[in-house]
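I'd like to ask you about the structure that follows.
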Amino acid sequence: MLSWKKEMEKKLERLKTIDLKESVIILGIETSCDETSIAIVQDGHKILSNIVSSQIAIHKRFGGVVPEVASRKHVEVINVLLEEALNDAKLKLGDISAIAVTYGPGLIGSLLVGVAAAKAISFAKGIPLVGVNHIAGHIYANNLIKQLEFPLIALVVSGGHTELVYMEDHHKFEVLGMTRDDAAGEAYDKVARTLELPYPGGPYIDKLAKEGKATIELPRALMDNGYDFSFSGLKSAVINTMHNAKQRGEYIAKEDMAASFQEAVVDVLVSKTLKAVQEKQVKNLIVAGGVAANQGLRSRLKEKCEQLGIDLTIPPLELCTDNAAMIASAGYFSYLKGEWSNLELNGIAGLPLSP
Ligand code: KG4
Ligand code: ZN
């Protein structure tokens with residue numbers, strides 16, 4: 001048997017002659033946080049299987065993700081998920097063109113489980129390995145819905161990240177702005193805790209917001225100041241307002257606080273995103289990450305984009321939160337470019353989107 005390295009060199013050489021009609025099947029692995037997921041995607045867009053095992057029920061009682069528990073749970077389920085994903089797609093490991101795995105950013109112990117599994121399969125079966133940035137994965141969730149068209153602006157809003165990204169081509173990320181403190185999802189989760197809602201709080205606030213009125217005045221930070229975001233002042237304003245009201249024996253309806261908070265977040269996200277779209281003169285806007293599931297954000301963006309003639313894509317809810325299909329889609333384009341990883345691939349907790 002050829003050594004792994006020699007076999008990869010041979011496969012890389014063959015890639016240059018690949019017939020575009022030949023289908024490329026990517027096995028995606030995602031374990032960066034509290035979801036273990038394995039997916040199989042054909043040609044970067046067709047989902048053959050996408051199995052997600054969420055640990056939310058386990059972490060709920062702690063009010064947030066416990067890293068050590070998360071990595072142990074990934075270890076427990078990853079092999080079963082691999083089998084399930086292959087069965088669902090009616091494929092064998094021998095049918096897989098490459099393995100795409102999230103290697104950062106995320107919880108280091110969790111990342112290592114996915115990376116170790118991917119490397120083991122790659123080594124044992126001689127399958128090419130592609131390391132994928134988790135945020136790039138969120139962006140490529142959109143490619144599962146509609147082929148990405150460049151140039152585009154991507155608004156990435158997740159539990160750990162809030163970034164405005166300009167892309168001229170596949171895997172060319174120019175980060176225009178990011179959060180200086182809390183991520184949008186993090187602010188949602190912390191505000192939800194103050195309102196005594198379960199973890200993760202985003203979906204609960206979203207639901208409550210529909211029942212309330214945005215009558216409470218809250219700050220909108222850095223509104224006319226570049227593309228960076230800041231949500232920690234807004235989060236503190238909610239905590240202080242609720243706390244002061246409680247001390248004074250006054251009542252604030254949780255629904256109204258949820259609606260006011262959501263309005264402030266959506267105001268900032270939408271205004272900065274549209275500014276980027278207009279300044280960069282792009283026609284295509286995509287939204288990614290767990291907070292892209294937010295109904296308030298989705299409907300405001302839809303309304304504005306219709307008015308301005310911007311082509312808006314937002315993945316369906318199940319592809320907004322962590323899943324391996326998005327990792328496989330991002331990995332597909334790296335695979336085609338020959339940007340493969342070797343067996344030294346390691347998890348990187350703070351991996352940036354662009355160097
Ligand atoms: O992308 P994701 O699944 O994980 C990370 O990579 O961080 O995002 C999870 C975040 C959580 O903070 C959660 O509260 C938030 O997405 N989220 C929402 C909604 N659904 C999930 N935030 C606001 N509204 C929602 N409907
Ligand atoms: Zn994520």
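For reference, positions follow the sequence shown, starting with 1. Note that the coordinates shown come from a computational prediction; the quantities given were computed from them, not determined experimentally. All ligand and atom numbering here is 1-based and tracks the order in the structure.
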task: Starting from the Zn ion (ligand 2), look over the N/O/S atoms of H134 and name the nearest one.
output: NE2
- request: State, with a plain yes or no, whether a side-chain heavy atom of I205 is found less than 4.5 Å away from one of Q262.
  value: yes
- prompt: Could a heavy atom of H138 be found less than 4.0 Å from some atom of ligand 1?
  reply: yes
message: Counting backbone and side-chain atoms alike, is an N, O or S atom of C33 positioned under 2.8 Å from the Zn ion (ligand 2)?
response: no
- line: Closest to atom 11 (C) of ligand 1 among protein heavy atoms sits D189 OD2, 3.6 Å
- line: Within 4.0 Å of some non-hydrogen atom of P200, the atoms of ligand 1 are 14 (O)
field: Shortest protein contact, atom 22 (N) of ligand 1 (heavy atom only)
entry: G202 CA, 3.3 Å
- prompt: Could you state the interatomic distance from CD (E250) to CD (Q247), rounded to the nearest 0.5 Å?
  reply: 11.0 Å
query: Hey, is NZ on K210 packed in by over 12 heavy atoms from elsewhere, all under 6.0 Å?
result: yes
- request: Tell me which N, O or S atom of D322 sits nearest to the Zn ion (ligand 2).
  value: OD1
message: Quick test: of every protein heavy atom, which one is nearest to atom 26 (N) of ligand 1, and how far off is it to 0.1 Å?
response: D206 OD2, 3.0 Å
Short N-O contact, K235 and D181, less than 4.0 angstrom: no
field: G160 heavy atom under 4.0 Å from ligand 1
entry: yes
- line: Near A293 (heavy-atom distance under 4.0 Å), the atoms of ligand 1 are 20 (N), 26 (N)
- request: Name the orientation class of the two ring planes belonging to Y188 and F261 (parallel below 30°, tilted from 30 to 60°, perpendicular beyond 60°).
  value: perpendicular
message: Is any side-chain heavy atom of M223 closer than 4.5 Å to one of V268?
response: yes
- request: Using a strict cut-off of 4.0 Å, indicate which atoms of ligand 1 neighbour a heavy atom of T321.
  value: 3 (O)
- prompt: What part of H161 sits under 4.0 Å from ligand 1 if we count only heavy atoms: the side chain, the backbone, both or neither?
  reply: neither
task: Kindly assign one of parallel, tilted or perpendicular to the pair W340 and Y335, based on the angle between their ring planes and the thresholds 30° and 60°.
output: parallel
Minimum-distance protein heavy atom relative to atom 3 (O) of ligand 1: D322 N, 3.3 Å
field: Q262 to ligand 1, any heavy atom closer than 4.0 Å
entry: no
Shortest protein contact, atom 6 (O) of ligand 1 (heavy atom only): H134 NE2, 3.1 Å
message: Considering G290, G159, A292 one by one, which has a heavy atom nearer to atom 5 (C) of ligand 1 than any of the others?
response: G159
Heavy atom of the protein closest to atom 24 (N) of ligand 1 (residue, atom name, distance): N294 ND2, 2.9 Å
message: For Q281, is the CD atom crowded, meaning more than 12 foreign heavy atoms sit under 6.0 Å from it?
response: no
task: Would you check if the Zn ion (ligand 2) lies under 2.8 Å from any N, O or S atom of H161?
output: no
query: Just wondering, do V165 and I153 contact through their side chains at under 4.5 Å, heavy atoms?
result: no
query: Is any N or O atom of G289, backbone or side chain, closer than 3.5 Å to an N or O atom of ligand 1?
result: no
- prompt: Does one side chain, of Y332 or H45, offer a donor that lies under 3.5 Å from an acceptor on the other?
  reply: no
task: For G185, take its heavy atoms, then give the atoms of ligand 1 lying under 4.0 Å from any of them.
output: 12 (O)
field: Side-chain donor or acceptor of S37 paired with backbone N/O of N323 under 3.5 Å
entry: no
- prompt: For T31 and H74, does a side-chain donor sit closer than 3.5 Å to a side-chain acceptor?
  reply: no
